[in-house]
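These notes are about the structure you will find just below.
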Protein chains: 2
Amino acid sequence: MDGTTVIARQLPLLTQPPVEACCAPLQAAPLADAEATELARRFAALSDPVRLRLLNLLATAADGAMCACDLVEPVGKSQPTVSHHLKILREAGLVVSEKRGTNVWYAAVPAALESLRDALAPHP
Amino acid sequence: MDGTTVIARQLPLLTQPPVEACCAPLQAAPLADAEATELARRFAALSDPVRLRLLNLLATAADGAMCACDLVEPVGKSQPTVSHHLKILREAGLVVSEKRGTNVWYAAVPAALESLRDALAPHP
DNA sequence: CCAACGTATTGACACTCGTCGATGTCTGCG
DNA sequence: CGCAGACATCGACGAGTGTCAATACGTTGG
């Protein structure tokens with residue numbers, strides 16, 4: 001937990017995956033049931049304070065990524081709980097992960113946040 | 001349920017309340033615990049498909065507002081369930097309501113959506 | 001004043017979710 | 001090989017949530 005940040009600068013950043021928008025802006029066009037369900041699922045990933053803090057830590061990380069071991073202490077939850085929340089963020093496409101030796105590195109996916117931002121965009 | 005829309009055009013739109021942002025953008029500055037909890041509470045209001053459809057109906061309403069009686073059938077849930085979701089949206093500041101006779105009119109609050117949008121804004 | 005209507009509230013139920021301790025899995029090291 | 005460390009998964013528990021039928025409340029119209 002001490003030498004991790006040193007290694008980080010020597011490794012490439014995690015590759016960002018493609019992000020597909022699910023719906024038109026809420027204030028623009030009618031929302032179908034399936035679209036509403038999918039959009040609700042994505043917003044649900046943001047509806048927990050621990051997940052927001054994790055996402056915030058990753059999004060503001062100096063190296064663009066952080067070791068899972070360095071995420072446990074800042075949020076003040078147990079290691080299984082943090083692992084659980086990281087899994088939910090990953091399944092929602094909000095973060096990506098990559099195994100490096102015994103550690104796992106996580107990075108935020110800004111395009112995924114931008115996609116949700118678009119859903120809240122005002123009417124043109 | 002038939003003459004309601006006719007009356008709507010003859011009445012003023014619901015007044016929009018002031019909206020206060022709770023946090024800096026997720027990707028910009030560190031997020032304190034209290035801020036994370038408040039932001040999570042607001043996103044939780046968007047984490048249900050029925051509420052997203054209600055918000056979508058209100059935000060795209062031709063008159064900028066709709067009678068509660070006209071919101072039940074489109075979402076396909078019981079009247080108490082719709083009333084429950086409208087209450088959650090109202091407590092989250094995403095909609096406002098106003099009683100007109102026996103009916104209650106609801107309108108979306110675009111500024112509240114914009115506030116959440118700001119929280120997802122990219123790093124400058 | 002009473003009946004009918006629109007909306008909110010209550011109570012109950014099944015289900016999901018956040019949390020943690022215990023355990024499993026995999027990697028690197030001596 | 002065997003041990004130690006990092007992370008994920010499992011099992012269990014309490015709290016919260018979405019849903020509806022039944023009911024209460026408030027307003028309008030006859």
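Order of the sequence lines fixes the chain letters, A, B, ..., with proteins taken first and strands second; residue numbering starts at 1 for each chain. Worth saying up front: this structure is predicted, and the values here are computed from it rather than measured.
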Produce the list of close N/O pairs, under 3.5 Å, pairing protein atoms with atoms of nucleotides 1-3 of chain C; give distances to one decimal.
none

One should read off an interatomic distance between B:Leu86 CG and B:Tyr106 OH, to the nearest 0.5 angstrom, of 4.5 Å
Under a 4.0 Å heavy-atom cut-off, which of residues 32-40 of chain A touch DNA chain C? none
Taking only residues two or more places apart in sequence, or in another chain, which ones meet A:Glu38 in a side-chain hydrogen bond (donor to acceptor under 3.5 Å, both in side chains)? A:Arg41, A:Arg42
What are the residues of residues 41-59 of chain A, sorted by number, that bring a heavy atom to within less than 4.0 Å of DNA chain C? A:Asp48, A:Val50, A:Arg51
What about A:Gln79, does its side chain sit under 3.5 Å from the base of D:dA8 through a donor-acceptor pair? yes
So, does A:Tyr106 get its side chain near the phosphate of D:dA6, meaning an N or O under 4.0 Å from OP1 or OP2? no
Quick one: does A:Gln16's side chain have a donor or acceptor within less than 3.5 Å of a partner on A:Ala108's backbone? yes
Partners of B:Ser78 by side-chain hydrogen bond (donor to acceptor under 3.5 Å, both in side chains), sequence neighbours excluded? B:Thr81
Please tell me whether B:Leu89 and B:Trp105 are part of a single hydrophobic cluster in this structure, the criterion being side-chain heavy atoms less than 4.5 Å apart. no
Report all side-chain donor-acceptor pairs from residues 48-60 of chain B shorter than 3.5 Å, counting only partners two or more places apart or in another chain.
unit_1  : atom_1 : unit_2  : atom_2 : d
B:Asp48 : OD1    : B:Val50 : N      : 2.8
B:Asp48 : OD1    : B:Arg51 : N      : 3.3
B:Arg51 : NE     : B:Ala45 : O      : 2.9
B:Arg51 : NH1    : B:His85 : ND1    : 3.1
B:Arg51 : NH2    : B:Ala44 : O      : 3.1
B:Arg53 : NE     : A:Leu31 : O      : 3.1
B:Arg53 : NH1    : A:Asp33 : OD1    : 3.0
B:Arg53 : NH1    : B:Pro74 : O      : 3.1
B:Arg53 : NH2    : A:Leu31 : O      : 3.4
B:Asn56 : OD1    : A:Leu31 : N      : 2.8
B:Asn56 : ND2    : A:Leu26 : O      : 2.7
B:Asn56 : ND2    : A:Ala29 : O      : 2.7
B:Thr60 : OG1    : B:Asn56 : O      : 2.7

Let me confirm one number: the CG-SG distance from A:Asp118 to A:Cys22, rounded to the nearest 0.5 Å. 10.5 Å
Residues forming a side chain to side chain contact (heavy atoms under 4.5 Å, CB included) with A:Glu73, sequence neighbours excluded: none
Could you check how far CG of B:Asn103 sits from P of C:dA8, rounded to whole Å? 10 Å
Side chain to side chain contact (heavy atoms under 4.5 Å, CB included) with A:Val96: which residues, sequence neighbours excluded? A:Leu14, A:Pro17, A:Ala107, A:Val109
Of all the heavy-atom pairs spanning B:His123 and B:Ala28, show the shortest one and how long it is. ND1-CA, 3.7 Å
Are A:Val72 and A:Val104 co-members of a hydrophobic cluster defined by side-chain heavy atoms under 4.5 Å apart? yes
Nucleotide nearest B:Cys67 (side chain, heavy atoms from C-beta), chosen from C:dT7, D:dA21, D:dC7: C:dT7
What distance separates B:Leu46 CG from A:Leu39 CG, expressed to the nearest 0.5 Å? 8.0 Å
Checking A:Glu35 side chain against A:Ala32 main chain: does a donor-acceptor pair fall under 3.5 Å? yes
Tell me, please, which residues at least two apart from B:Arg117 pass side-chain hydrogen bond (donor to acceptor under 3.5 Å, both in side chains). none
In residues 81-97 of chain A, what residues come within less than 4.0 Å of DNA chain D, judged by heavy atoms? A:Ser83, A:Lys87
Mind jotting down which residue pairs meet the salt bridge (charged side-chain N to carboxylate O under 4.0 Å, His left out) criterion with at least one end in residues 81-90 of chain B? Sequence neighbours excluded, please. none
List the protein contact pattern of nucleotides 24-30 of chain D with one symbol per nucleotide (5' to 3'): B for base contact, S for sugar-phosphate-only contact, - for none; contact means a heavy-atom distance under 4.0 Å. --SBS--
